[in-house]
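Here is the structure we will look at.
Every heavy atom of this structure was used, including side-chain atoms; hydrogens, water molecules and symmetry mates were not. Naming: A, B, ... by sequence-line order, numbering from 1 per chain.
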Number of protein chains: 2
Amino acid sequence: MTTVLIVDDQPLQRYGFHLLLDSVPETDVVGEAAHGAEAVRKAAELRPDVVLMDVRMPGMDGIEATRRIAAAGGRSRVLVLTTFDLDEYVHAAIRAGASGFLLKDARPEELLAGIRAVASGDAVIAPALTRRLLDEFAPYIPAHRGDGAEDPRLGSLTDREREILVAVGKGWTNGEIAARFVLSESTVKTHVGRVLAKIGARDRIQAVIFAYDHGLARPSTD
Amino acid sequence: MTTVLIVDDQPLQRYGFHLLLDSVPETDVVGEAAHGAEAVRKAAELRPDVVLMDVRMPGMDGIEATRRIAAAGGRSRVLVLTTFDLDEYVHAAIRAGASGFLLKDARPEELLAGIRAVASGDAVIAPALTRRLLDEFAPYIPAHRGDGAEDPRLGSLTDREREILVAVGKGWTNGEIAARFVLSESTVKTHVGRVLAKIGARDRIQAVIFAYDHGLARPSTD
DNA sequence: GGGCGCGTGGTACCGGGGTACTACGGGGGG
DNA sequence: CCCCCCGTAGTACCCCGGTACCACGCGCCC
């Protein structure tokens, strides 16, 4: 039995979801909320397995509410439901920590399957959005995976050189690298020089780009 | 009516899929293949709407076959099906141009729903894999989307300065930027200096990292 | 008209980065 | 045993990048 909290500013919409979830035995609607603030409060109080979250709401919107519920660290998973498949919503929801993103025109079975998946710790994305997400993220998949053959330039690096490349990818200067690795700056320069030669980069800048392209560096959420 | 090509090295597995797809009216199995090479050939010959592709096969594997079918540019969409939810497979399949990735332990309705979605141009990912994909790609979502408030540093840049930042993000030297923008190098240095000051970067290197973090630069598939 | 932001351009200076070359000790394989 | 790779370290040199400061023309708004 999975417990559900329904969040939507439209009473009729809540009623519809409530009816649907009551029609199957495995879900139990434990509460409703009409806006973000109420959602955050009730999620903390009722500790539902799944929060069905609308995006567009007066006051605190669904994204901010999702962020707070996710940040609270409880075991509630948020499934975002919206009428509009705007990329910004999807991006924002994912970043906010949502476990799912479905459109309100989904068929009832899809919604129930989504709730089941989210409750069990998995995640779901509406197929119409998945296509765009895949197209967007495909370039970020490191080339050394996926291309069958690993980039030979990566393989040519020694362990130490790969460490140095990662450090360069973080934007550290030679002096900083020397300090953190407890090395002389000369040694660092030697390593960096060899790395540049091996990967075919003229600058440390192109080494940074290389590192990003090959998954050795990734955006930090500092 | 969506036409389907079944690719799997196990005859019994093909038989099972065939039976399942024959049991519903909206799919029509137009062929089978036992390995990658045959799959590529039959896909070109039969032009199915959807290719049900196994990953592990002797000879040419499903990933390579997917790559070739996708590269051929026909309207066939590939739905990869595998027993193992290894991240490498998922990554490789997405990079190869697959439109979907499901596990063989999926329920029949899920498989059929997946085929429908893929045939209509959407994409599907098994919920168990979606979670890991989301966790992996969330950092790549540019901070200026998703965080509600746009990064004020980005907004402070003029149009020209943003262009310059993008160019810096590509790893171009001041000289190259000057050449491509038809400017003097002095002007470029002035712009770069202002950009660095505005975004709070000490180097052009950290400007490159900033560009990646904020979605102004992304891995190129050169 | 006077200001101001923006894009353009210049000079001068200096420090970090990159290259070339050399060197040496340790570990592993022929 | 000897050699080679690897990691370490140094010196010398040059150039690009970054900073500081100044300058001018254009468009826009008060």
Checklist entry - Any side-chain donor paired with an acceptor under 3.5 Å for B:Arg47 and B:Ser76? => result no
Nearest whole angstrom, please: distance from the [atom2] of [N] to the [atom1] of [X].
| X | N | atom1 | atom2 | value |
| --- | --- | --- | --- | --- |
| A:Leu183 | D:dG10 | CG | C1' | 14 Å |
| A:Ile164 | D:dG7 | CD1 | P | 9 Å |
| B:Arg194 | D:dG17 | CZ | P | 18 Å |
| B:Ile205 | C:dG18 | CD1 | P | 7 Å |
| A:Arg202 | C:dG17 | CZ | C1' | 14 Å |
| B:Asp159 | C:dG5 | CG | C1' | 13 Å |
| B:His191 | D:dG18 | NE2 | C1' | 16 Å |
| B:Asp203 | C:dG16 | CG | C1' | 9 Å |

Checklist entry - Should the ring pair A:Phe137 and A:His91 be called parallel, tilted or perpendicular, given that the plane angle runs from 0 to 90° and is split at 30 and 60? => result perpendicular
Item to check | Nucleotide nearest B:Lys189 (side chain, heavy atoms from C-beta), chosen from D:dT19, D:dG7, C:dG7 | outcome: D:dT19
Next on the checklist: Run A:Leu111 and A:Leu81 through side chain to side chain contact (heavy atoms under 4.5 Å, CB included) and show every step you take.
Outcome noted: CA-CA 9 Å; A:Leu111 177 59; A:Leu81 268 174; 4.0 Å; yes
Next on the checklist: Both conditions, 6.0 Å and 45 degrees, for the charged tip of A:Arg218 above the ring of B:Tyr140: are they met here?
Outcome noted: no
Checklist entry - Just checking B:Ser184: base, sugar-phosphate only, or nothing, at a heavy-atom cut-off of under 4.0 Å? => result sugar-phosphate
Checklist entry - Hey, does A:Thr158 reach any base, or is it just sugar-phosphate, or nothing, if we go heavy atoms under 4.0 Å? => result sugar-phosphate
Checklist entry - Ignoring hydrogens and angles, does a donor from either the side chain of B:Arg204 or the base of D:dT19 sit under 3.5 Å from an acceptor on the other? => result no
Checklist entry - Between A:Val182 and B:Gly175, who's closer to the 5' end of DNA chain D by nearest nucleotide? => result A:Val182
Checklist entry - For DNA chain D, whose closest nucleotide is more 5', that of A:Glu185 or that of B:Thr173? => result A:Glu185
Checklist entry - Does A:Thr187 place a side-chain N or O at less than 4.0 Å from the phosphate oxygens OP1/OP2 of D:dT8? => result no
Checklist entry - Do the charged groups of A:Arg202 and B:Glu176 touch, with an N to O distance under 4.0 Å? => result yes
